[in-house]
Amino acid sequence: MLPVLAATFAELGYRRATTAELARRCGVGENILYRIWPDKKHMFIAVIAFVFEQSRRIWESLLEEDRDDHSGAERLLAYESRHHGEFGYYRIVFAGWSEMDDPEIRDALLKMYARYHRLIRRQIVAHRARSGADAGPAPTLAAWAVLGLGTMANIGRELGALPAGTRRRLLAEVGGWLLDGRTR
């Protein structure tokens with residue numbers, strides 16, 4: 001049910017997604033949702049974790065590829081430059097921002113961002129060790145900056161301010177510079 005819940009929250013946001021609508025789209029009664037989660041907030045929190053897990057699964061498969069030509073970090077950036085935001089799950093995160101006064105939603109977002117940061121930072125460190133690069137911002141800062149690029153690409157997508165080609169270049173070129181100080 002999580003993919004359906006995620007698609008619904010991405011489309012309607014947190015406030016407009018009623019439990020009746022969530023259940024309808026899942027093809028179950030509301031009572032079934034309430035057997036799994038105590039309330040809509042906890043459904044939303046589960047969806048925030050799902051957003052990260054979806055990315056992690058895709059990224060792990062890219063990282064498992066045995067390729068000598070590019071580091072894992074380069075493969076992730078290349079993939080994201082082509083596919084970032086295509087499922088619209090960033091809209092779930094945006095909806096979560098409007099609920100930051102709720103400590104549980106805030107904590108779920110904080111955990112999600114921390115998990116993304118750890119994964120990206122590890123790949124930056126591995127990339128630099130592999131390539132011998134010693135330029136660019138510190139890995140911790142670079143990882144936050146990569147997350148920021150993704151956020152800005154999504155905002156640009158939503159507002160129509162950044163065409164697809166510009167979003168790709170933003171992630172590939174600026175993201176590449178953040179890896180090791182070199183442009184690609």
Side-chain angles (χ1 to χ4, degrees), residues 6 10 44-159 161-162 164 166-184:
F44 187 69
I45 289 168
V47 165
I48 291 170
F50 171 81
V51 168
F52 173 79
E53 284 304 316
Q54 288 299 101
S55 293
R56 187 196 58 76
R57 283 186 199 111
I58 292 167
W59 290 3
E60 291 295 329
S61 70
L62 291 168
L63 294 171
E64 289 172 3
E65 292 177 5
D66 188 18
R67 295 175 47 189
D68 292 331
D69 55 339
H70 296 290
S71 71
E74 290 170 318
R75 290 194 305 274
L76 293 180
L77 271 178
Y79 175 84
E80 288 300 322
S81 73
R82 293 185 311 274
H83 300 286
H84 188 73
E86 70 186 2
F87 298 117
Y89 292 156
Y90 60 88
R91 297 186 89 213
I92 294 162
V93 177
F94 291 177
W97 292 349
S98 69
E99 303 301 323
M100 292 290 258
D101 290 338
D102 184 297
E104 290 175 292
I105 292 175
R106 181 183 171 89
D107 186 57
L109 288 168
L110 182 60
K111 286 177 182 172
M112 180 205 68
Y113 277 114
R115 293 177 76 192
Y116 273 118
H117 183 267
R118 278 192 303 273
L119 196 154
I120 294 166
R121 184 185 179 286
R122 276 194 311 268
Q123 292 309 311
I124 291 170
V125 168
H127 170 81
R128 290 181 182 180
R130 177 180 188 236
S131 68
D134 60 358
T140 295
L141 297 176
W144 283 120
V146 167
L147 283 167
L149 287 177
T151 300
M152 289 312 302
N154 287 330
I155 291 170
R157 175 193 294 265
E158 277 299 301
L159 296 175
L162 294 176
T166 304
R167 291 192 312 269
R168 279 192 294 277
R169 288 185 57 221
L170 175 68
L171 292 169
E173 293 177 25
V174 179
W177 178 83
L178 289 166
L179 286 183
D180 56 24
R182 294 181 289 181
T183 57
R184 287 165 174 70

Side-chain touch L178/L149, heavy atoms, less than 4.5 angstrom: yes
Mark yes when over 12 heavy atoms from residues, nucleotides or ligands other than Y79 sit less than 6.0 Å from its OH; otherwise mark no. yes
Do the side chains of V93 and I48 get nearer than 4.5 Å, heavy atoms only? no
CG on L109 to CD on E99, rounded to 0.5 Å: 10.0 Å
Quick one: pull up NE2 in H84 and CG in L77 and give me the separation to the nearest 0.5 Å. 11.0 Å
Please give me the minimum heavy-atom distance between I92 and F44, naming the atom from each residue. O-CZ, 3.4 Å
I would like to know whether Y89 and Q54 meet side-chain contact (heavy atoms from CB on, under 4.5 Å); could you show each step before the answer? CA-CA 10 Å; Y89 292 156; Q54 288 299 101; 4.1 Å; yes
To the nearest 0.5 Å, what is the distance between CD on E60 and CG on L62? 9.5 Å
Write down the atom of A142, the atom of R128, and the distance for their closest heavy-atom approach. CB-NH2, 4.1 Å
Non-neighbouring partners of R91 that pass side chain to side chain donor-acceptor pair (under 3.5 Å), sequence neighbours left out: E158
Taking all heavy atoms of E74 and all of H70, pick out the closest pair and write down the distance. OE1-CA, 3.3 Å
May I ask you to decide if the ring planes of Y116 and F52 are parallel, tilted or perpendicular, using 30° and 60° as cut-offs? perpendicular
Side chain of D107, backbone of P103: donor and acceptor closer than 3.5 Å? no
Decide, yes or no, whether a salt bridge links R157 with E86 under the criterion of side-chain N to carboxylate O below 4.0 Å. no
Salt bridge (Lys or Arg N to Asp or Glu O under 4.0 Å) filter on R169, not counting sequence neighbours, yields E173
Just how far is it from atom CZ of R121 to atom CG of L147, taken to the nearest 0.5 Å? 13.0 Å
Under 3.5 Å, is there a donor-acceptor pair between the side chain of R106 and the main chain of D101? no
Is the shortest heavy-atom distance from the side chain of R56 to the side chain of E53 under 4.5 Å? yes
Spell out, as yes or no, whether a donor-acceptor pair under 3.5 Å connects the side chain of S131 to the backbone of H127. yes
For A95 and S98 the tightest heavy-atom approach is O-OG, 2.7 Å
Taking every non-hydrogen atom, the tightest pair across L63 and R75: O-NH2, 3.3 Å
Say whether, by atom type as modelled, one donor and one acceptor occur between the side chain of H117 and the main chain of T140 under 3.5 angstrom. yes
Working to the nearest 0.5 Å, report the span between OG1 of T151 and CH2 of W144. 10.0 Å
Find the distance between CG (L76) and CD1 (I120) and round it off to the nearest 0.5 Å. 8.0 Å
Could you walk me through whether E80 and V146 satisfy the side-chain contact (heavy atoms from CB on, under 4.5 Å) test, starting with their C-alpha distance in whole Å, then the side-chain angles of each, then the deciding distance to 0.1 Å, before giving a yes or no? CA-CA 11 Å; E80 288 300 322; V146 167; over 6 Å; no
Considering all heavy atoms of both residues, which atom of A143 and which atom of I124 are nearest to each other, and what is their separation? N-CD1, 3.6 Å
